[in-house]
Amino acid sequence: MSPRGVAGATLVVALLVGGCGSPRSGTLGPAPTAAPPGTAPVIVTPPSASARPEPTPRTDPPRPSSTSPSPPTSGPAGGTITVELWFVRAGQLVPTRRSRPATMATSRLALTELARGPTPAEAAGGLRTLVPADVEVTRITDGTAALRAPSGDPAERRLREAQVVWTLTQFPTVRRVRLDGAAPVGRADYADLLPPIVVTGPTAGERVTTPLVVTGTADVFEATVSVRVLDSAGREVATGFGTASCGSGCRGGYRVLVGWRTTREQKGTIEVYEVSARDGSRINTTSVPVLLAPGG
């Protein structure tokens, strides 16, 4: 090769080895290889510093609905017992409650309170009793309580008996009541004396806080029960509605949650009613006078 050809070859080699511009350091690493056919590319994203695991939603177990009032409750020995009493309003049965010192003679306690009559707050709500003080249970055998039929106006005899039967059968030991040796009777024998909507809680005169759970039983159109809360001036401060476990020809239990905003404690009213399917008006209303605690 001539000297000029050697010089040209040397220049080409120098350019290939040194490249152009300033020198570079490091390595390019191995040559990339293609992914096997049919394999999707994998993309790895580094975790974010602010990422948090999604919380697992908490689900509360469903509350069982009941078509009958709750059984009496009691505290520890020497404490109190709460009994349910059934009074009368406008020819129908209405429940309320009493908390008294615990006793083994619960049926006697319940009948004594029944004969004693409503509190001033209950009386203001139209409740009264037809049961006299001479009523007493003579014995309880095989789930049947025997007693003398309470005295009083013959025209109100059935309502009076219904008060006794519905009050005594709240206890687990009493399923039926025998009056003056007649055939035993139970709650079903007086079910027609219940209003379409029964409110078991709250009771008349009770101090209530927000949110409030209104409970009871109802036999209303499409099982829909509506509630509204009125303040001392009669203004509507809360509304709500719920569905009974049965309705339109059968009685079911309901629970409706309502809350209100008030700045002071005051007298109020809980109204539970049915909305008329014909004109949307409030019908079969049950009103419970209460003491509203402030809330917001």
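Every heavy atom of this structure was used, including side-chain atoms; hydrogens, water molecules and symmetry mates were not. Because the structure is a prediction, the values reported are computed rather than measured.
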Point to revise | From R228 atom CZ to T239 atom OG1, the distance as rounded to the nearest 0.5 Å | key: 9.5 Å
Exercise for review: Would you sort out whether S107 and V174 count as a side chain to side chain contact (heavy atoms under 4.5 Å, CB included), showing the intermediate values?
Suggested key: CA-CA 9 Å; S107 60; V174 180; 5.6 Å; no
Review point. Quick one: do the T217 and R251 side chains pair a donor with an acceptor below 3.5 Å?
Key: yes
Practice item. Side-chain contact test, heavy atoms from C-beta onward, threshold under 4.5 Å: evaluate it for R128 versus F87 and give yes or no. Key: no
Check your understanding: Does atom CZ of R100 have more than 12 heavy-atom neighbours from other groups under 6.0 Å away?
Key -> yes
Review point. Atom CD in E265, atom OG1 in T209: separation rounded to 0.5 Å?
Key: 10.5 Å
Review point. When you measure from the side chain of E274 to the backbone N and O of V220, does any donor-acceptor pair fall under 3.5 Å?
Key: no
Check your understanding: Heavy-atom distance under 4.5 Å between the side chains of V214 and V225, does that happen here?
Key -> no
Review point. Is the side chain of S248 donor-acceptor paired with the backbone N or O of E222 at a distance under 3.5 Å, no angle test?
Key: yes
Review point. Is the shortest heavy-atom distance from the side chain of R264 to the side chain of P294 under 4.5 Å?
Key: no
Exercise for review: Of all the heavy-atom pairs spanning A110 and L85, show the shortest one and how long it is.
Suggested key: O-CD2, 3.5 Å
Review point. With the 4.5 Å side-chain cut-off for hydrophobic clustering, are I283 and V272 part of the same group?
Key: no
Exercise for review: State the CG-CH2 distance between L230 and W260, to the nearest 0.5 angstrom.
Suggested key: 11.5 Å
Exercise for review: Evaluate the side-chain proximity of F221 to V275: yes if any heavy-atom separation is below 4.5 Å, no if none is.
Suggested key: no
Review point. Nearest 0.5 Å, what's the OG-CD1 distance between S99 and I81?
Key: 9.5 Å
Check your understanding: In terms of hydrophobic clusters joined by side-chain contacts under 4.5 Å, are V227 and Y273 together?
Key -> no
Review point. Should V165 and D189 count as side-chain neighbours, where that means a heavy-atom distance under 4.5 Å?
Key: no
Check your understanding: Considering only heavy atoms from C-beta outward, does the side chain of V164 approach that of Y190 to under 4.5 Å?
Key -> no
**Study point:** Atom pair CH2/CG of W166 and L93 - distance to nearest 0.5 Å
**Key:** 7.0 Å
Practice item. Can you see which heavy atom on L193 is nearest to which on A162, and at what distance? Key: CD1-CB, 3.6 Å
Practice item. Please examine the side chains of V229 and T269, heavy atoms only from C-beta on, and report whether any two atoms are closer than 4.5 Å. Key: no
Point to revise | 4.5 Å side-chain heavy-atom contact, V198 and T286 | key: no
Exercise for review: Could you tell me which non-hydrogen atom of V288 sits nearest to which non-hydrogen atom of T203, and how far apart they are?
Suggested key: CG1-C, 3.6 Å
Check your understanding: Measuring from T80:OG1 to R98:CZ, what's the distance to the nearest 0.5 Å?
Key -> 14.0 Å
Study note, to complete from the structure: What one should report as the nearest heavy-atom pair of R160 and P132 is CD-CD, 4.0 Å
Study note, to complete from the structure: Looking only at heavy atoms, the pair that brings P289 and G125 closest together is CG-CA, 4.4 Å
Exercise for review: From the options E113, E122, E206, select the one residue that forms a side chain to side chain contact (heavy atoms under 4.5 Å, CB included) with T96.
Suggested key: E122
Practice item. Answer yes or no: are there more than 12 heavy-atom neighbours, outside R158 itself, under 6.0 Å from its atom CZ? Key: yes
Review point. Counting distance only, does the side-chain N/O of D219 pair as donor-acceptor with the main-chain N or O of G249 below 3.5 Å?
Key: yes
Check your understanding: Can you get from L109 to V137 by hopping between Ile, Leu, Val, Met, Phe, Trp and Tyr side chains that sit under 4.5 Å apart?
Key -> yes
Check your understanding: F171, L179: one ILVMFWY side-chain cluster at the under-4.5 Å cut-off?
Key -> yes
**Study point:** Minimal non-hydrogen separation, A115 against A133, with atom names
**Key:** CB-CA, 3.8 Å
Check your understanding: With a 4.0 Å cut-off, would you call R148 and E136 a salt bridge?
Key -> yes
Review point. With a cut-off of 6.0 Å (strictly less than), are more than 12 heavy atoms of other residues, nucleotides or ligands near CG of D192?
Key: yes
Check your understanding: Quick check: does any side chain N or O of R139 sit under 3.5 Å from a backbone N or O of T144, one acting as donor and the other as acceptor?
Key -> no
Exercise for review: Please answer: with hydrophobic residues joined when any side-chain heavy atoms are less than 4.5 Å apart, are I140 and V135 in the same cluster?
Suggested key: yes
Check your understanding: Going by atom types alone, do D231 and T262 pair a side-chain donor with an acceptor below 3.5 Å?
Key -> no
